Amino acid sequence: MKYKKAIYVKEWVLSQPYSAPSAVDTYYCELANKIYSIFCLPQHNLPSSCLAGLNKDDYGFFALGLTAYLEDIVSGLGLWKVFTDRHKQLYGTLLPFYNVTDDYFEGEVNYHDVCFLVWYFLSVYLKGEIFNPLDSSILDISKDIFEVFEEEYEYAPENERAREFLQLPPDVTDFYEVRKRIEFILMNSYLYRITKFEYIFEVSKELGNVPKEEKALAKAYSQEVYDRYVIGHVMPLLGFTGKDIFAGILGKTHPLYANVVGLGDKKKGKYVYSSHDDKYIHFKHIASGTIIPVTRKSIDLNKDILEKVVILMSVVKYAGEWWFSGALRSLSEYQDISAEHDPLEDKNLFDDNLEIKQEQTLSLYQRFVKFNKGSELAYLPNPKEADRFIRDFFAWIGKKYNGNVPEETGIDLSAAEEFNDVPTLLFFNKNAGIEMLFGYNMVVDDRKNPFFEKDYPEEELLDLLVSEHAGGDLLRYLLERKLIKEFRFPGEGNALLMKNLGFMLYFYKRQNYTGTPNITIMG
């Protein structure tokens, strides 16, 4: 097959944990160009094709990702295996959507792997659109790509450098070595770097309030967002975080598996120096009063710290030790700063008592259902009326149970101003708290819902699936009670999407696949 060179080796090594290319990288770069040429074929560029939304730059990105899949399989990097193993554990089959039959060979390149990857790249890249995995345009281009891979599989070289990098030596105790590998997985590897636009969006949002002349502040903000993404960002494939993927690559028999999978969440807040010894600098978290011993392997004891300057920083717990991770900024001199006005979220930063939160949430849930005449759902004409409904609920609690009535509901209505008079749905999620959703009342077929529209547009239902504001618990609740129709891919005549609902909820609801107790109102 003739092809035009459009991808250069410097682009290929962007997906590697090193910068100096070798003969192995040259081989895969040439192969990526062959895959690129397939995307350029006229039969794959029809206006009706799923690929119609792509341009030639996108072809290059897709070609690099698909070629890296072959490299992963040949080299035993483990990225693809972690995904398929987890999917099989959850749902009993290696892949979503496609029937894995006798012609599927684990550990080798497979046609349905390619089909899935094309669907996955499209669905992430063209966010907001839903593609049928059995669409002929996906199946046809995947067949052409697979034929190339099948031919090259026996000759493709192993990338020993990448494999060695991912297999962390068992005697490594440095958290930063672990973080370095998680960074590579999320920021550079073919399965996950396609979501980097989410990181870029978060950086842009954070920097929106930083004056241009404040370069040091902008750098600190950017570093903090980057670290937050690496440590805790949830991926669209099965709700993985970076530590889950890396732990899966290492395997349960690796001596460091438990340390990696047990990596804690970032604890960002205001801290002040308390004391130090040979191993640790002890900081007091101002909002909660918690004393945190941060290992001196991760932070220097400098003048600002000793003079009790308030430090804004994040720490994470790895292998039983607290490590500084992210950006550190000196805010002001410490003058008996009071935590009285700190948000409840800050005060509870180190409160991991999940059982108490679950009990409190369940108690509030039971009272909500009683107040709302036996239903977890309430339908209001607009956000302001929903806010009033919640205020009335809290007032009722105060009167009936002699409890404290909060002055505020916790809902930030400024975020809902654009919806004005849009019908609003309230859902008390017994796993989390009250959730508010705008604009989807029309699809909920409930006799208590005056806003239901029998002939609503079908795309509204798929928008509900895609919407990041509708949590997984709410969708499961509505489906189980047959209050909404079952979801279907565009053009499908069977129940393919519903058979893969668990995977799809992870894909679109990964940030709120299921709620966690927080006793707050979620807008």
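Note: hydrogens, waters and symmetry copies are ignored here, and every other heavy atom, side chains too, is used. Everything numeric in this text was worked out from a predicted model, so none of it was measured.
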Do [X] and [Y] sit within salt-bridge range, that is, some charged N less than 4.0 Å from a carboxylate O?
X: Glu177; Y: Arg181; result: yes
X: Asp473; Y: Arg476; result: yes
X: Lys268; Y: Asp227; result: no
X: Glu321; Y: Lys297; result: yes

Is the closest side-chain heavy-atom distance between [X] and [Y] below 4.5 Å?
X: His112; Y: Val100; result: no
X: Met504; Y: Phe97; result: yes
X: Leu237; Y: Arg86; result: no
X: Pro133; Y: Leu496; result: yes

What heavy-atom pair brings [X] and [Y] nearest, and what distance separates the two atoms?
X: Ile311; Y: Ser330; answer: CD1-OG, 3.8 Å
X: Ile73; Y: Tyr153; answer: CG2-CE1, 4.1 Å
X: Ser75; Y: Arg163; answer: O-NH1, 2.8 Å

(message) Has His87 got a side-chain atom pairing as donor or acceptor with Thr93's backbone, closer than 3.5 angstrom?
(response) yes
(request) Would you confirm whether the ring centroid of Phe83 sits within less than 6.0 angstrom of the ring centroid of Phe116? (result) yes
(request) Decide if the gap between the ring center of Tyr125 and the ring center of Phe61 is smaller than 6.0 angstrom. (result) yes
(request) Kindly indicate whether a cation-pi arrangement holds for Arg329 with Tyr221, taking the cut-offs as under 6.0 Å to the six-membered ring centre and within 45° of the axis. (result) no
(request) Could you give me the CA-CA distance, side-chain angles and deciding distance for Asn159 and Gln16, then say whether side-chain hydrogen bond (donor to acceptor under 3.5 Å, both in side chains) is met? (result) CA-CA 10 Å; Asn159 190 331; Gln16 302 301 324; 3.2 Å; yes
Mind checking whether [X] and [Y] have parallel, tilted or perpendicular rings, split at 30° and 60°?
X: Tyr273; Y: His276; answer: tilted
X: Trp119; Y: Phe507; answer: tilted
X: Phe427; Y: Tyr477; answer: tilted
X: Phe175; Y: Trp323; answer: tilted
X: Phe283; Y: Tyr271; answer: perpendicular

(request) Let me know which of Asp113, Asp72, Asp85 forms a side-chain hydrogen bond (donor to acceptor under 3.5 Å, both in side chains) with Trp80. (result) Asp113
(request) Would you give the length of the straight line joining atom NE2 of His285 to atom CD1 of Ile291, rounded to the nearest 0.5 angstrom? (result) 11.0 Å
